[in-house]
Amino acid sequence: GEVVNTAHGSHFETERHFPLHHRHGSYEIADLAALSPDLLSALSGGAIEGIPPDRWLFLDTETTGLAGGSGTYAFLVGAGSITPDGFRIRQFFMRDYSEEASLLDQFRAPPVSGLKAAE
């Protein structure tokens, strides 16, 4: 990864790309890309219909907790997406509380090309 500077400060960011033939457990990434666009309809009780897998975003956050006191900060935000040639994961790390604005600003920005191949 690398330190990324934004108009709001800096944070640490990593990016990985897994090719379509990459196996995760019993499945290849290509199997994920081939899922039905109607899958989200079944999972959402019909609220989300006809969205193809290449428009899905897989989001994971790690926070300082939901209790009071120091507040709740998302110190790690991970986003995964299906691409024409595989699966892309970006992770945004807040190394200090002051980096929250930079992390959130970069998370909402369009991705930059230059994917790193998975090993």
Side-chain angles (χ1 to χ4, degrees):
E2 64 185 354
V3 174
V4 174
N5 295 304
T6 72
H8 301 283
S10 65
H11 64 282
F12 190 79
E13 190 173 319
T14 65
E15 180 177 329
R16 293 206 50 196
H17 181 263
F18 297 91
L20 288 170
H21 68 278
H22 177 82
R23 292 189 75 77
H24 187 78
S26 301
Y27 298 95
E28 290 188 347
I29 297 297
D31 297 329
L32 180 63
L35 289 172
S36 169
D38 295 324
L39 181 63
L40 294 183
S41 179
L43 296 173
S44 69
I48 303 171
E49 294 187 21
I51 306 296
D54 64 351
R55 302 249 347 260
W56 299 353
L57 175 71
F58 298 84
L59 178 68
D60 182 35
T61 61
E62 300 298 331
T63 68
T64 55
L66 300 176
S70 65
T72 302
Y73 291 87
F75 63 86
L76 167 61
V77 176
S81 58
I82 300 166
T83 66
D85 57 346
F87 191 79
R88 179 173 185 256
I89 298 174
R90 293 175 73 193
Q91 292 179 306
F92 306 83
F93 297 92
M94 182 179 86
R95 300 166 297 170
D96 188 80
Y97 294 115
S98 64
E99 294 186 348
E100 180 183 39
S102 177
L103 179 153
L104 294 173
D105 183 62
Q106 192 69 9
F107 174 72
R108 68 183 187 92
V112 178
S113 62
L115 301 173
K116 298 157 183 70
E119 298 184 16

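Side-chain atoms of Val4 and Glu2, non-hydrogen and from C-beta on, do get closer than 4.5 Å to each other. Between Phe87 and Leu32 there is a side-chain heavy-atom pair separated by less than 4.5 Å. Using a 4.5 Å cut-off on side-chain heavy atoms (C-beta onward), His8 and Glu99 make no contact.
Ring geometry, Phe58 versus Trp56: the interplanar angle exceeds 60°, so the pair is classed perpendicular (tilted spans 30 to 60°).
The CG atom of Leu40 sits 9.0 Å away from the CG atom of Leu35 when rounded to the nearest 0.5 Å. Put simply, CD1 on Ile51 and OG on Ser36 are 11.5 Å apart, with the number rounded to the nearest 0.5 Å. Atom OG of Ser81 is separated from atom CZ of Arg88 by 6.0 Å, given to the nearest 0.5 angstrom. The line from CZ of Arg90 to NE2 of His17 is 13.5 Å long, rounded to the nearest 0.5 Å. Between the CD1 atom in Ile29 and the NE2 atom in His21 there is a gap of 10.0 Å [rounded to 0.5 Å]. Rounded to the nearest 0.5 Å, atoms CZ (Arg108) and CG (Leu103) are 12.5 Å apart.
Remark: of the listed residues Thr61, Thr63, Asp60, Thr61 is the sole one forming a side chain to side chain contact (heavy atoms under 4.5 Å, CB included) with Val77.
Closest approach of Pro52 to Gly50, counting heavy atoms only: CD-O, 3.5 Å. Heavy atoms only, all atoms of each residue included: Leu20 and Glu28 are closest at O-CB, 3.7 Å. Residues Pro53 and Ala33 share a closest heavy-atom pair of CG-O, 3.7 Å.
Shown here is Arg95, whose CZ atom has more than 12 heavy atoms of other residues, nucleotides or ligands within 6.0 Å.
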task = Under the side chain to side chain donor-acceptor pair (under 3.5 Å) rule, what do Thr6 and Ser102 come out as? Steps first, then yes or no, please.
result = CA-CA 6 Å; Thr6 72; Ser102 177; 3.0 Å; yes
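The main-chain N or O of Val3 is never found under 3.5 Å from a side-chain atom of Ser10 such that the two would form a donor-acceptor pair.
Ring centroids of Phe75 and Phe93 are separated by 6.0 Å or more, keeping the two rings apart. In this structure, the ring of Phe107 has its center less than 6.0 angstrom from the ring center of Phe92.
Residues His11 and Glu13 have side chains that bring a donor and an acceptor to within less than 3.5 angstrom of each other.
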